[in-house]
Structures are given as C-alpha cells and as structure tokens.
Amino acid sequence: MKLIKEGYSKDNIISYGNMFLLANGRFGYRGTLEEYRKNQLVNFTALGFYDKYQDLWREPINLPNPFYFHVDGGSILEDDIIDHKVELDIKNAVFARFSTFKTVKIESKRFVSSFNKDLLVEEYKVISLCDQTLNISFGLDTDISEINGPHYITKRVKKINNSIVFNGTTNERKLVSLVSTYRCNVPTEFSSENNLHLFKINKEMKKGDEIVVQVFSFVTKFIHTDKLHIFNFERELERHKESFNKLQNDFSISIYGDDEANFEVQYSLYQLLILIDENSVMSIPARGLSGQTYKGAIFWDTEMFILPFLVFSNPKMARNTLVYRINTLGGAKSKAKELGYKGAFYAWESQDDGKERCSKYNVTDPITNEPIRTYFGEKQIHISGDVVLAIDRYVTSTCDTTLLDEGGYQVIDEVVKFYKSFAKKLDDGKYHFLDVIGPDEYHEGINDNAYTNYLIHRAVTIAIKYNDFSNKIKKPVSLEELIEFKNNIYRPSPNENGIIEQFDGYFKLEDVSPEDVKKRTKNPKEYLGGTKGVATPTRVIKQADVIAMLVFLRPSSKIQYLDRNYKFYLPYTEHGSSLSSSAYSIAAALCDDIDAAYSLFRKSSSIDLGGEQKKYAGGVYIGGTHPASNAGAILSLMCGLMGMRVIDEEISFEPHLPDHFEKVEATFLFRGIKYHITVNKEGYKLQGE
Ligand code: IFM
C-alpha cells in the first residue's frame with residue numbers, strides 16, 4: 001500500500017516533508033528531496049537528544065544531512081521538471097522518488113532501518129537521457145536546519161576513503177558522531193566547501209548510462225569506517241522490512257466499503273509504527289520525529305491518546321512510555337517543589353530529564369512579534385492525573401503488575417500527594433482545584449475544571465485500588481487519608497438541563513460561535529486564548545474538555561449525560577487542537593450521531609495527509625506530524641464507530657457504523673490474548689487465539 005503524490009509544487013515542500021516522513025522510533029528523516037537543504041526543512045532528528053543554545057528553547061538536535069545530492073540539469077529547485085512522483089510504501093516504510101528532467105532521470109529509494117536502529121540507507125540513481133558530460137556531487141551537508149540553534153559548538157568532518165566522518169559537540173557538551181559511506185559505480189573526487197562535503201563526478205555519459213550511489217549512514221561513536229563494508233543494500237532493506245512488518249503482527253485494522261477512510265487508517269497506523277522502539281527509554285513526543293517543533297517534548301498526548309493504542313498493539317512500547325514517566329519522577333517532584341507543592345507535578349512539556357520545558361511565553365503576537373505570557377506549565381495540573389490513568393490502563397489491559405512494583409505505584413502516590421497539597425478545602429467541606437487550566441487551554445486560571453476534578457477523583461480511586469501493591473514502599477499518603485480525600489473532591493454536577501459546567505463561571509460567558517469569534521481577530525495566526533485572546537471572554541473552547549472527561553473517564557453516574565453535553569459543547573468547540581476531533585468522534589458515535597462521528601474520525605485520520613491542520617500558535621510554527629491524532633483516529637474507529645467497551649475485563653462491541661461501511665476487521669491484544677474482531681451493522685464476531 002502506497003502514498004503517492006505526482007507533480008511538484010514548492011508550496012508542498014513543508015507538508016510533504018511531514019507526510020513522507022521516515023523514522024524508526026530513534027531517528028526521523030523528513031520526506032524531503034536530495035537537492036533540498038535547510039531552507040526546505042531537511043531534518044534528520046534524534047529522539048531524546050536535546051540541546052539548549054543560550055536562552056532559547058531547548059529542543060532535539062538535528063544531525064547533518066548525509067543524503068545531499070546535486071545533479072546538473074536534475075535539481076527540482078533549479079531545473080524544469082517533466083515528470084515527478086514521490087511514493088511512500090507504508091507497509092514497509094520505504095520512501096522512493098522518480099523525477100524526469102530534460103537531460104536526466106533520477107530515481108531514489110530510502111529507509112531508516114527498523115532492524116538496525118542507528119542506520120539510515122539511501123540508493124540514488126542518475127540515468128542520462130542523452131549523450132553529455134554530467135556533473136554530479138553528493139555527500140554530507142553540515143549546514144543543519146535548526147529552530148533554536150546553533151546546537152553544535154564544533155563540527156569536525158573527515159574523509160576516510162569513501163566515508164565521511166562527522167563529529168560534533170553540542171552546547172550541552174554531548175558528542176554526536178555520524179559515519180556515512182558512499183558507494184558509487186564510478187570514480188569520484190572529494191572537496192569541502194561552505195558546509196558541503198562532497199564527492200564529485202564529472203563524466204562523459206552516453207544516453208542510457210547510469211550512475212548509482214548507495215549511502216549507509218550510521219550514528220555512532222564506535223563503528224570504525226572499515227566495518228561499513230558489511231552493509232549490503234538489498235540485505236539491509238530486507239532486514240528493515242522484516243523488522244517493520246513484525247511490528248504489524250499483533251495489530252491490524254481494516255475498513256471494508258470505504259477505501260479512502262481505510263487508506264487514512266493504514267497511514268495513521270504507519271505514522272504510529274515508525275515511532276516504535278521497543279528498547280527505548282524515552283517516550284513519544286507530540287510531533288513524533290518530524291522535527292524540532294514543540295521542543296520535541298512529551299505532552300499528555302502520549303498517555304491519553306497514544307498509550308491506549310499501544311496497549312492493544314505493542315504492550316512493550318506502552319510500558320516504555322510509562323517507564324519514562326517513572327524515570328522522570330525526579331523532574332516532576334522538583335517542579336512541584338519549585339511551585340510550592342508536595343509530590344509530583346509532571347512537566348507539561350517533558351524532555352529527557354522530566355524538567356518543565358514549557359516556556360512562560362509559548363506563543364507570540366503575530367502582528368507585533370511580542371511574546372505572550374501563557375501558563376500551560378504552571379496550571380495544567382491534569383497532566384499528573386493523565387499519567388496515573390495511563391498506568392492503570394496499562395496494568396488492567398496487560399495484567400502486567402510488575403510496573404507498579406518498579407516505580408509505578410510510587411508515581412501514583414506522589415501524584416496524589418501533589419493533588420492533596422494543591423487542593424483547597426472550602427467552606428462546603430469539599431476539596432476544590434483553583435487557578436488551573438483544563439484541556440481547553442483558551443481559558444486560563446479557572447476554578448474547578450470538570451476534566452481536572454473528575455480526573456483527580458479517578459487518580460485517587462486508582463491509588464486506593466492499588467494500595468496493597470505499595471506494601472514495600474513508604475506511603476506518602478495513608479489509606480485513610482486517601483479515602484477522605486476521594487470522598488470530598490468537588491466534582492461539578494450536571495445542571496437542570498443535564499450540562500456539566502466546564503469550569504466555575506463558564507455558563508456566564510458570551511454565547512457565540514467559533515466562526516464569529518474568529519471574525520474578531522486581526523490576523524489569521526492570532527492566538528485565540530490567554531489574557532488577551534478573543535475567545536477568552538466567550539464560551540468558545542479550543543478542544544474537547546467536558547467531552548474528553550466523559551469519553552475517557554466514563555464516570556458511571558454521569559455517562560447518561562453524554563448526549564446532552566455533546567450537543568451543548570460541540571457548537572462551541574473550535575477543534576484548534578488536533579486532539580479534539582477524535583474525542584468528539586467517540587462521543588458522537590456513542591450518541592448515535594453517525595454522520596458527525598464519521599466526519600470527525602476522518603478529520604483525525606487525514607490530519608497528516610494534507611487535511612486541515614493548524615501550523616501556527618500565535619506567531620510560533622507548530623507544524624509537523626500528529627501521532628496523537630493518528631492514534632485518536634484508530635481509537636475513534638474502535639471505541640466509537642465499532643463501539644468497543646471493556647467492562648469487568650469483558651470486551652463487547654456496540655456498532656455505530658456508517659451505512660456505507662460493509663464491515664471493519666481488526667486484530668488486537670488484550671490481557672495477553674490476541675483477538676480478531678469483525679464488526680458489521682448487524683453485530684460482531686469476536687475470537688481469541
Ligand atoms: O497537548 C496538546 C495540547 O492539549 C494542545 N496544544 C498542543 C499540545 C501538543 O499536541
């Protein structure tokens with residue numbers, strides 16, 4: 001199955017870079033063409049390898065580009081193109097390019113090895129279309145694309161035989177080494193100039209003659225250039241495919257009767273599978289490995305959207321993302337302490353060490369370029385509860401309780417301790433959570449956000465459930481205290497119309513639609529929320545909030561209000577975050593609003609395929625891929641349209657399929673058993689292996 005785009009337009013350079021992204025959970029290489037440079041956003045991004053330059057945002061580093069090629073008469077940036085096509089084989093994670101110019105034809109194939117995680121491979125072929133003398137150059141481009149760089153204080157390049165060895169030192173004094181070997185079927189000369197370290201060919205060519213270059217680029221300090229001869233293109237390609245295919249063994253999902261939607265789902269799955277590294281000690285950043293956007297940070301996206309997919313498809317990787325939270329507990333405790341609380345307040349934007357990396361000025365005014373003060377890091381306290389919920393989801397879906405002993409329970413305890421120290425017991429004898437931000441980030445500093453308060457109640461319930469597991473560790477909060485806390489957490493109740501108020505005072509805000517609010521902006525990139533945002537005095541919200549609470553937590557005493565809340569909040573929701581549509585799609589399906597469920601599901605599944613996507617938050621570029629939306633699409637299909645429910649460890653389905661779907665088939669893991677499910681409008685058939 002392939003994603004194919006024909007023709008060339010410079011307007012697509014950035015979006016195709018995301019769309020044709022290759023990655024292997026450790027490194028990402030954007031789907032750019034070989035003649036591109038940093039202005040075309042060539043990014044070879046490393047997961048978990050961050051650097052800070054001066055007082056700019058700390059972000060993941062990019063490596064130099066080993067796949068730079070320039071052919072006289074064969075550059076899409078300089079020469080007229082006759083035919084052009086790019087392809088992504090999404091079952092095998094292989095990128096290919098075919099371009100015909102007047103005098104040459106170019107064909108290339110590239111993969112980021114899923115087998116050998118430090119290896120990236122490319123084959124580049126130039127076919128002469130006439131008799132001519134041809135100039136070709138290829139090699140390493142060390143003029144690296146960086147948002148908040150420069151990240152290298154030294155860049156040393158050495159040519160050894162047919163290899164180029166790069167050694168760089170970052171501002172944080174970390175060493176980066178990349179060894180790239182270039183195998184070519186004709187002799188070359190070498191020279192370095194202006195950050196381009198190039199092998200050069202000047203050759204008389206007859207019509208039909210071919211020049212083939214194979215590049216093996218290895219990220220390491222330890223490989224000796226002598227060892228690079230061990231790589232064989234075909235063998236590495238086979239190993240890579242085999243390894244990538246293995247990731248698809250335990251999970252698949254197919255829609256029959258809607259080829260477009262089915263393709264988008266397979267593509268969403270691709271975007272998720274390229275982020276799997278079963279040996280990782282890191283988690284999955286909000287923009288995956290598509291570059292440096294959002295500081296390469298891990299947000300609640302992973303716990304609330306990606307992890308539910310991972311427990312069904314790759315429990316090992318699901319566990320890794322939680323081990324990452326266990327390993328970064330220290331960062332969460334320091335953050336709580338710095339802000340005057342006890343326990344663990346996880347970073348809103350978390351990197352390798354778990355410290356808060358969310359800037360106090362996360363967006364800018366697109367007209368004046370002035371930074372705008374935001375409070376995401378200080379006030380979005382739901383992040384800690386999201387981690388607890390994910391731990392519980394992992395344990396209940398896999399039966400792997402070892403995670404609790406290996407730090408999981410400690411995380412739960414420290415989170416509860418944090419919430420206890422954050423809570424204010426008011427005159428009504430209830431614990432309130434004041435001055436927070438909920439998933440709808442537009443309204444800052446609000447009191448008693450429904451999502452947050454219900455989530456905290458659930459987190460404490462989880463702490464009580466696992467209390468026995470914590471025998472070996474010192475408990476920061478006793479069982480009696482836990483029970484007292486839980487029983488007295490204030491959770492806003494539905495009003496006389498059955499609507500749960502998103503936060504205290506929300507109903508009093510101006511009743512206006514997102515479309516009308518947007519008409520009040522002076523610039524299309526303007527940030528709608530925060531102190532000065534046009535949405536702030538209104539009911540317009542960025543994304544699912546009460547609906548996220550009802551859909552993700554399904555509180556048994558409130559779920560009967562889903563329908564009324566869905567109808568109430570949907571018209572106020574801007575879906576300004578890519579996370580929103582999948583939560584609403586599930587709600588819509590459960591409320592039998594199938595048309596809306598289907599179109600919101602398609603909004604999630606097409607996010608990285610050129611559909612609508614927000615590229616700016618204020619003046620700050622936030623483009624890239626959207627793994628949480630990719631996972632959200634799969635969840636909307638499973639938990640919304642197919643109506644999957646897990647009650648008391650029993651799986652059941654209540655289909656809400658659109659009329660044109662013949663059936664949906666899926667394979668997934670649950671509690672160590674592999675299931676096959678077929679759902680059609682009449683019902684479902686579930687089989688365990
Ligand atoms: O985590 C989200 C947040 O909910 C909305 N802004 C973008 C973040 C990263 O996807």
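Both ligands and their constituent atoms are indexed starting at 1 by order of listing. Residue numbers count from 1 along this sequence.
When side chains are defined from C-beta on, Pro514 does not count as touching Thr573, because their heavy atoms never get closer than 4.5 Å. Using a 4.5 Å heavy-atom cutoff, the side chains of Arg26 and Ser280 are not in contact. Counting heavy atoms from C-beta on, the side chains of Arg325 and Asn327 never come closer than 4.5 Å.
Of all atoms in ligand 1, listed by their number and element, those nearer than 4.0 Å to a heavy atom of Gln543 are 3 (C), 4 (O), 5 (C). Shown in contact with Ala286 at under 4.0 Å from a heavy atom are these atoms of ligand 1, numbered in order with element: 9 (C), 10 (O). Interface of Phe299 with ligand 1, defined as ligand atoms under 4.0 Å from a residue heavy atom, comprises 1 (O), 8 (C), 9 (C).
Of all heavy-atom pairs between Tyr50 and Pro60, the closest is CD2-N, 3.6 Å.
Aromatic rings from Phe305 and Phe552 are positioned such that their centres are separated by under 6.0 Å. For Tyr346 and Trp300, the ring centers are positioned 6.0 Å apart or more.
Below 3.5 Å of separation, one finds an N or O of Trp300 facing an N or O of ligand 1. Among the atoms of Trp348, none of the N or O lies under 3.5 angstrom from an N or O of ligand 1.
Nearest protein heavy-atom contact of atom 3 (C) of ligand 1 is Glu441 OE2, 3.6 Å. For atom 7 (C) of ligand 1, the nearest non-hydrogen atom of the protein is Tyr294 OH, 3.2 Å. Summary of contacts: the protein heavy atom closest to atom 9 (C) of ligand 1 is Asp301 OD2, 3.4 Å.
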